[in-house]
Amino acid sequence: MGARSPLATRSVDDIGRTVSFVSAGAFRLLFNHFFSSSSLASREKTLVQDVRERMVSLSKLTTNALVGETNALQSDGFSFDSSVVKHAAIIDAIALISEAVRRVTGMTYYDVQLLAGYKLAQGTIAEVQTGEGKTLITAIPAFLFALHGRGVHVATTNDYLSRRDYETTRPAFRLLGLTTAHLDTDHENDAKRDAYRCDVTYGPGYEFGFDYLRDQIQRRKSDARHLGERFTEQLRGQRFTTTQTVQRPCAFGIIDEADSVLIDEANTPLVLGGREPGPQTDPELYAIADRFADSLIEGEGYKIESGGVIVVTEHGKTLARKAFESLPKRKLSRSWTVLVQNALKARIGLVRDVDYVVQAGEVMIVDANTGRIHEERRWQGGLHQAVEIACGLTPSADTLTEARITRQRYCQYYDRLCGLTGTVGDSSEDFREFYSLDVSVIPTHRPCQRTTVPSKYFANHEDKLRYITTDARTRQSNGQPVLIGTRSILESVAVANHFSDSDIRVLNGVQDEAEADIIARAGDPGCITIATNMAGRGTDIAVGEQATHAGGLHVIATEHQDSSRVDRQLAGRAARQGDPGSVQFLACPDDKLIQDHDPKLAERLSSIQSRAGVHDQALDRAISRLQHSLGNQRFQQRRQMVSRDAWLENIQNTLAKTG
């Protein structure tokens, strides 16, 4: 990645980690050598042709001979012991994994897939459109990186997708003599250690980060021993053993849905809660705070500012002080003010079936960007307990935060990082500033045939629902499949209730085999599927001949997201691989984007007279400006968080040197 960012400096938590770094210049030379001239397009074509020719010769070899070719590359072409890099080594490596994939799957890489794999191996973010075969594309850089013998992490957004990708690519790696593993979240340390020892390790991105934090905690505990204790043990003839970590040093990382992981979720650090409970607040006090928050009146006791921020007024603070004076003598681990703020947010700022769901008596957080439910996540600072109380549940034990790290800093620990996404948009600056990653836009295998139907604006939510039902039914009668994308689980239920029968499919949150099967059949003729935002993302929607003749998959976006890039992700579900398809966006004053961030726009929409909705290019521009403004705000927030993280790390290092 060139010069390493200041954030890449190892922190005091990394004491004891021994890493043998390869030369960044040698690494870049390996993958850039052949493309040093200005005629990039011509050389890319030459690369593909050379790989194809090499595959012809490899197709005549036995499996044992292919393993021999792999071993030869490991000991020669990818050793970095020489500054002279042979283009033939790159060609051999790409051709080897391509031939292995062909033998185990019967599929041959498209030219653009070979190009995408090469670009990833260079250490870039590759914009690869949905439906272009990202799972097989990642096998190319994973194989090239694995030849170094230092381990490769292939990270996806959830456990289901990582297991699916692992099972898809494992036979090809095995054929070439490489080991692969899947990182299960419930595995014990020994099993995880074995997984990390493999050449390629697949897993959900958060689990790689949490394992890193757990290793740092163990290192800190080991380093906290009394001065001279280790020396005394050696004098006594006792063998001193260092802390055994789970992970190897982070060498190579490949991130699927990189925009979601590195941008959308980058404002939320990875926080590892302790296993042992910390100081507890008596449940009765949580309940009292909840009742007090419920008694406050908007505009008097609190107000809601732009962006949904809840602020307690002076009158509300006065009432809170009086309530505090009459509190029963119970254990209080946090201030009364914090309890009241959390209770207000739990009751007003967070909405059930939008921000969280309750399943099997537990509160589970819903990802704001994808609509997926994350069982492993918990709100910190007592907020999770406040939400549990608001839902009538017994509050769970409050745990202390043992470790935290921003995704930006964790990703900087990889010597080489790359990622795939279907939408980069205006996010190139994010990737460059925070991760030192360039963006490569990969052309589609076939020209995109997607049609964008002009947006519709409505005066109220009911008119919008009526239009959705009518439009979907009309298309269904013509044999066209329809995917209705909603922002929240609550909205998906509201849309589903507007259909009078039960022949629709609803997806809202948990991505597993069942969800993947449903979304895969969303392209069936006349099928109507309702899904939260990007439920089923990563699963291909097959559109048969009958549905193709009817116009292909039509996507209805019930409202705009905060980011236009996320809107494009939903639109990308239609018209894959050159198939026909279409998309239309709808909006009304009740949409969260408009309600939270632009009251004046809400007023403009409320004045619409036509119940059938209208199209207005001025409103299109207003939505675009709003999304652009929010994007800039969140970019600045990420910049501030990274700056604060660097400051904290500097303080830690200073204290370590003076302690």
Side-chain angles (χ1 to χ4, degrees), residues 263-269 271 286 289-321 323 334-356 363 365-369 371 377-391 404 406 487-488 490-491 559-563 566 587 589-603 605 622-623 625-645:
I263 297 178
D264 297 332
E265 298 179 5
N267 284 12
T268 305
V271 178
Y286 281 123
D290 179 70
R291 290 195 295 270
F292 173 76
D294 191 39
S295 71
L296 293 178
I297 300 173
E298 183 179 355
E300 296 180 9
Y302 69 92
K303 58 183 179 179
I304 303 177
E305 297 185 343
S306 177
V309 178
I310 303 170
V311 178
V312 179
T313 64
E314 289 301 321
H315 177 63
K317 292 177 182 178
T318 300
L319 295 176
R321 284 192 292 269
R334 290 186 173 85
S335 71
W336 173 244
T337 301
V338 171
L339 260 65
V340 170
Q341 287 281 5
N342 282 340
L344 275 171
K345 185 166 186 179
R347 279 199 164 271
I348 303 164
L350 298 174
V351 180
R352 185 168 177 168
D353 292 335
V354 175
D355 301 293
Y356 65 92
V363 171
I365 297 174
V366 176
D367 188 287
N369 300 298
R377 294 184 184 177
R378 289 176 61 83
W379 285 298
Q380 301 297 308
L383 178 58
H384 207 88
Q385 288 73 22
V387 174
E388 290 169 332
I389 286 289
C391 294
R404 70 184 293 280
T406 61
R487 180 166 185 147
S488 67
L490 193 65
E491 178 70 359
E559 59 183 292
H560 287 280
Q561 303 296 315
D562 291 358
S563 168
V566 180
D590 300 320
D591 295 351
K592 184 173 177 58
L593 169 67
I594 299 169
Q595 275 284 321
D596 287 354
H597 303 289
D598 199 336
K600 291 183 179 180
L601 179 56
E603 292 179 8
L605 294 179
I623 292 289
R625 286 194 300 268
L626 179 56
Q627 290 178 322
H628 184 71
S629 175
L630 288 175
N632 286 338
Q633 290 178 26
R634 298 211 163 109
F635 177 80
Q636 294 303 326
Q637 289 171 0
R638 288 189 286 274
R639 177 178 280 171
Q640 292 170 7
M641 186 177 69
V642 169
S643 177
R644 179 177 179 273
D645 197 57

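This one's a predicted model, so the numbers in the text were calculated from it and none came from an experiment. Hydrogens, waters and symmetry mates are skipped; everything else that's a heavy atom, side chains included, is used.
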Could you walk me through whether V338 and S335 pass the side chain to side chain contact (heavy atoms under 4.5 Å, CB included) test, one step at a time? CA-CA 5 Å; V338 171; S335 71; 3.1 Å; yes
Apply side chain to side chain contact (heavy atoms under 4.5 Å, CB included) to residues V311 and Y302 and explain how you reach the verdict. CA-CA 6 Å; V311 178; Y302 69 92; over 6 Å; no
Begin from the C-alpha positions of I623 and L601 and carry the test side chain to side chain contact (heavy atoms under 4.5 Å, CB included) through to its verdict. CA-CA 9 Å; I623 292 289; L601 179 56; 3.9 Å; yes
Before giving the answer on side chain to side chain contact (heavy atoms under 4.5 Å, CB included), spell out for D355 and I365 the whole-Å C-alpha distance, their side-chain angles and the decisive distance to 0.1 Å. CA-CA 6 Å; D355 301 293; I365 297 174; over 6 Å; no
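In this structure, the side chains of N342 and Y286 stay at 4.5 Å or more apart for every pair of heavy atoms. Taking the side chain as every heavy atom from C-beta outward, F635 and I263 never approach each other to under 4.5 Å. You'll find the side chain of I304 stays beyond 4.5 Å of the side chain of V309, heavy atoms only. A heavy-atom distance below 4.5 Å is not found between the side chains of H384 and Q380. Taking 4.5 Å as the limit, some side-chain heavy atom of L383 sits within range of a side-chain heavy atom of L350. For the pair E491 and S488, the minimum side-chain heavy-atom distance is below 4.5 Å. With a 4.5 Å cut-off on side-chain heavy atoms, M641 and Q636 do not count as touching. Considering only heavy atoms from C-beta on, L296 comes within 4.5 Å of L319 through its side chain.
Under the salt bridge (charged side-chain N to carboxylate O under 4.0 Å, His left out) criterion, the residue pairs touching residues 337-349 are D290-R347, D294-R347, with sequence neighbours excluded. Among residues at least two apart or in separate chains, salt bridge (charged side-chain N to carboxylate O under 4.0 Å, His left out) pairs with a member in residues 306-315 are E314-K317. For residues 589-600, the set of pairs meeting the side chain to side chain donor-acceptor pair (under 3.5 Å) definition, not counting sequence neighbours, comprises K464-D591, K592-D596.
Within the model, atoms CD of E298 and CD1 of I310 stand 9.0 Å from one another, a figure rounded to the nearest 0.5 Å. To the nearest 0.5 Å, the span separating CD1 on I594 from NE2 on H560 amounts to 7.5 Å. With rounding to the nearest 0.5 Å, the separation of CG in L593 from CG in D562 is 5.5 Å. To the nearest 0.5 Å, the span separating CD on Q637 from CG on N632 amounts to 11.0 Å.
Of all heavy-atom pairs between R638 and A266, the closest is CD-CB, 3.8 Å. Taking each heavy atom of A293 and A343 in turn, the nearest pair found is CB-CB, 3.7 Å. Closest of all the heavy-atom pairs between A346 and A390 is CB-CB, 4.3 Å.
Counting only distance, with no hydrogens or angles, the side chain of R404 and the backbone of P269 share no donor-acceptor pair below 3.5 Å. The closest donor-acceptor contact from the side chain of T406 to the backbone of V642 lies at 3.5 Å or more, if one exists at all.
Aromatic ring orientation, W336 versus F292: tilted (interplanar angle from 30° to 60°).
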